[in-house]
There are 2 protein chains.
Amino acid sequence: MPLAHPVPDLVSLDLLQSVAELGSIRRAAMAHHVSQPAASMRLRALERTLGLELLDRSSGRARLTPAGTATVEWGGAVLDEVRALQLGVAALRAEGSTQLRLAASMTAAEYLVPGWLNRLRAAEPDLGVSLQMGNSEHVADVVARRDADIGFVEGDTVPATLDSKVVSRDDLVLVVAPSHPWSGRRGALSAAEVAATPLVLREPGSGTRQVLEGALGACGLSVTPLVELGSTTAIKAAVGSGLGPGVLSRLAIRAEVREGRMVIVPTSGFSLERAIRAVWPKAVVLSPAASLLLAQISRRADGSVADPEGPTRSSRR
Amino acid sequence: MPLAHPVPDLVSLDLLQSVAELGSIRRAAMAHHVSQPAASMRLRALERTLGLELLDRSSGRARLTPAGTATVEWGGAVLDEVRALQLGVAALRAEGSTQLRLAASMTAAEYLVPGWLNRLRAAEPDLGVSLQMGNSEHVADVVARRDADIGFVEGDTVPATLDSKVVSRDDLVLVVAPSHPWSGRRGALSAAEVAATPLVLREPGSGTRQVLEGALGACGLSVTPLVELGSTTAIKAAVGSGLGPGVLSRLAIRAEVREGRMVIVPTSGFSLERAIRAVWPKAVVLSPAASLLLAQISRRADGSVADPEGPTRSSRR
DNA sequence: CCAACGGCATAAGCACATGTTATAGCGCTG
DNA sequence: CAGCGCTATAACATGTGCTTATGCCGTTGG
């Protein structure tokens, strides 16, 4: 569903951020290479679209109001995601002649790589990165041919010519809208119940559909499609609008679940978990940039970063 | 520091989202109440600014390219944060006559409330919400006067006239830039080492400064300011640029740490942790909306939502 | 107490981005 | 092969946003 109006402007949010950092509209304007009146008008326009007084100009120097500091923080979260998008896009666009060449499966590329690049950029701001996307076989192939320095694939089968290391995990989960009766359900669903329920699914032949069919098939069951859609986003929309339960990668619904727009229904009796692995050619030293990236990704596992998002605790797998 | 160019446009990202959901540019245009050519041109402009081919129009119907699906997902994360901002702003702007009146301390309002509202809106889309911000005493006062249905405060001291429940936790942490020598440090810093180090701090008298001084004071030590800045954002900028170690609320640096732009340096020997509590008048039944919100916040603690962000595990407190 | 300075707002002019309607081309489908 | 649905292009109107120039105000230092 489309964004509600009015939509704030990214450039203005970014400008407000600079005002907060630098303490004056003038300096913020300089940092953004625009004239001071332009910055002033932009900020006034932002205040108008949000309907809030963000800045107190009464004392010569512009100071943030309480609403302004809140907006700075909320806007900061938006801008962080924009930066991740920009890094991902830049990596996708990069043609050869860069220093770190990545290859990643769709899931890893979409949900994990931008965050990794964000962290990598903190340590090596000027490192050029390129990213190639494809299915797991394609990634393994690209890495084996030395067309990428390091790759990221889903699944536990790795060609014998490649070294690998598990860097993350992903699994398919059953999700429903918060209004769905199952959203308050206590016990886990059995494989038979899942098979008997019409589900919002990807089309036959897609990776996630195959994994689901395989897991149910191992129990002698098969899936019952309610509708079949061609994209993860379409499934999110259908499930979110209450059409029915859907099956999606846990990574794909991270934000929706965190913010309560979807609810994961626990299941039992079958597992749809797969590892996400870094892969690189065996008997070849990793390039310095690739080994730095791998080290950064692995260091995250040391538990030093607590999840500050409310009292949520990660389930231990 | 300002956003890098080129900056994608939120409306275009939102439009692309609709194309992914609805399967055609035409329908996306209708969903956004603009003409089809306008949508077509917007998407072309987005492709130009990102330097990527997002849509394959060769087959009559527009279909997403691999780069397009990646952009849809990255853009979805951006739009999720925008929605949180909009909810927070709407709640700040709301004047009386709404159905749920919140009051929250700055930290809770900035970092937690928008996410809660996002979840609440999934269950009650038409609920009006207002939000009042202030320090903890002010929040307790507003709630006691029945000017808010429920409040959120930091700290463990709650007036006797109020009921309370811990809904989250926050603590101050020592952070450095990834380039700082301490970022790779193994052991924890002692209170004496922290006291001996010049730090980037808030000004004397601010809440976070007082907490830090209190904790060190209990060990017979005092802080050594390197610079004193007037806002959390200014401290983030100073620490991020490598000026020196800083002390900030863990909630405030969530995104920075997750993406590796800052590193938390472990400390030991003193604690800067405080609970974040919901508070409401004792001997008064919570309004239905308030109790729903409280239930949703509390339900998050049941562990059903695993953190899918890489192999990170939450530390258990 | 006054002068100088830094910072913000307003005004006028201009370029360009973005929207609209009308129309043509193209790929499916029956 | 004809019709339909989808998209691109064209031509035009309009408003947004930037720039430079200038005035006002609050702060600061002698």
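To find a chain, count down the sequence lines: A is the first, B the second, and so on, and within it residues start at 1.
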Check the phosphate of dG5(D) against R26(B), side-chain N and O only, distance under 4.0 Å to OP1 or OP2. Yes or no? no

For dT7(D), take OP1 and OP2 only and decide whether either is under 4.0 Å from a side-chain N or O of R57(B). no

Determine the contact category for S35(B): base if any of its heavy atoms lies under 4.0 Å from a base atom, sugar-phosphate if only primed atoms, P, OP1 or OP2 are that close, otherwise nothing. base

Heavy atoms under 4.0 Å, any strand shown: does A45(A) hit a base, just sugar-phosphate, or nothing? nothing

Nearest-Å distance, [atom1] ([X]) to [atom2] ([N])?
X      : N       : atom1 : atom2 : value
D9(A)  : dT18(C) : CG    : P     : 11 Å
D56(B) : dG27(C) : CG    : C1'   : 13 Å
R63(B) : dT7(D)  : CZ    : C1'   : 14 Å
M41(A) : dC8(C)  : CE    : P     : 14 Å
L43(A) : dC8(C)  : CG    : P     : 10 Å
H32(A) : dC18(D) : NE2   : P     : 12 Å
I25(A) : dC25(D) : CD1   : P     : 17 Å
L54(A) : dC8(C)  : CG    : P     : 15 Å

Is the number of heavy atoms from other residues, nucleotides or ligands under 6.0 Å of R202(B) CZ greater than 12? yes

Go through the steps for R42(B) and S12(B) under the test side chain to side chain donor-acceptor pair (under 3.5 Å), then give the verdict. CA-CA 6 Å; R42(B) 256 196 181 288; S12(B) 301; 2.9 Å; yes

Nucleotide nearest [X] (side chain, heavy atoms from C-beta), chosen from [options]:
X      : options                  : value
R27(A) : dT7(D), dT19(D), dG7(C)  : dG7(C)
P37(A) : dT20(D), dG7(C), dT21(C) : dT20(D)
A38(B) : dT20(D), dT9(D), dG19(C) : dG19(C)
S59(A) : dC8(C), dT27(D), dA8(D)  : dT27(D)

Cationic N near anionic O, under 4.0 Å, R258(A) to D80(B): no

Quick one: on DNA chain D, does R42(A) or R61(A) contact a more 5' nucleotide (nearest heavy atom)? R42(A)

How long is the gap from CG on L46(A) to CG on D14(A), to the nearest 0.5 Å? 11.5 Å

Taking the nucleotide of DNA chain C with the nearest heavy atom to each, does Q36(A) or Q36(B) sit closer to the 5' end? Q36(A)

Where is the tightest heavy-atom contact between G68(B) and L16(B), given as atom of each residue plus distance? O-CD2, 4.4 Å

